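Take a look at the structure below.
For this chain, numbers begin at 1 and follow the sequence in order. No experiment lies behind these values; they were computed from the predicted model shown.
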Amino acid sequence: ARIKVPVMLAHGGRDRRVPIVHAQQFRSAAENAGVKVEWVLYGDEYHGFYLPAAEADYWERMDKFLKRAMSDTTP
């Protein structure tokens, strides 16, 4: 509830270290608190992103997310 900035949340569908339910609960709580959440699930990835297509997609999304977030918060 204390988060006041946009959040990008990316999760690997096969992650065994951080169960997907944790990411889903965080996403739900953040959205309920009015936080803008960009969510992406890479179904074939684990705790890190290693597939070239997933890595490229993640960094492209992160670039766009940061540009939007920076422009939304700049006075």
Side-chain angles (χ1 to χ4, degrees):
R2 295 186 311 226
I3 297 172
K4 303 297 180 205
V5 296
V7 172
M8 181 171 162
L9 184 58
H11 197 85
R14 295 182 179 190
D15 189 340
R16 293 183 299 194
R17 289 187 188 157
V18 179
I20 194 165
V21 68
H22 293 181
Q24 292 166 331
Q25 289 171 343
F26 177 87
R27 176 186 177 194
S28 179
E31 288 176 339
N32 288 338
V35 176
K36 292 181 186 177
V37 178
E38 181 170 332
W39 164 262
V40 60
L41 174 65
Y42 296 102
D44 291 330
E45 287 289 7
Y46 295 86
H47 192 66
F49 306 136
Y50 303 100
L51 298 173
E55 256 193 294
D57 181 73
Y58 172 79
W59 288 114
E60 184 176 327
R61 286 175 187 262
M62 181 59 75
D63 181 55
K64 291 177 183 176
F65 170 79
L66 289 173
K67 286 177 182 172
R68 278 193 313 274
M70 295 300 288
S71 68
D72 287 349
T73 59
T74 303

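The hydrophobic cluster containing Val40, built from Ile/Leu/Val/Met/Phe/Trp/Tyr side-chain heavy atoms closer than 4.5 Å, also comprises Met8, Tyr42, Phe49, Tyr58, Trp59, Met62, Phe65, Leu66.
Two residues are said to be in side-chain contact when any heavy atoms from C-beta on lie closer than 4.5 Å; Asp15 and Glu45 fail this criterion. The shortest side-chain heavy-atom distance between Pro52 and Glu55 does not fall under the 4.5 Å cut-off. Looking only at side-chain heavy atoms (C-beta outward), Trp39 and His11 come within less than 4.5 Å of each other. Using a 4.5 Å heavy-atom threshold, the side chains of Val18 and Phe26 count as separate.
Clustering ILVMFWY residues whenever any of their side-chain heavy atoms sit less than 4.5 angstrom apart, transitively, puts Val5 in the very cluster that holds Leu9.
Minimum interatomic distance between Leu41 and Gly12 (heavy atoms only, all atoms of both residues): CD1-C, 4.1 Å.
Within the 3.5 Å criterion, the main-chain N or O of Gln24 finds no donor-acceptor partner in the side chain of Ser28.
Salt-bridge check for Arg68 with Glu38: passed, with a basic side-chain N closer than 4.0 Å to an acidic carboxylate O.
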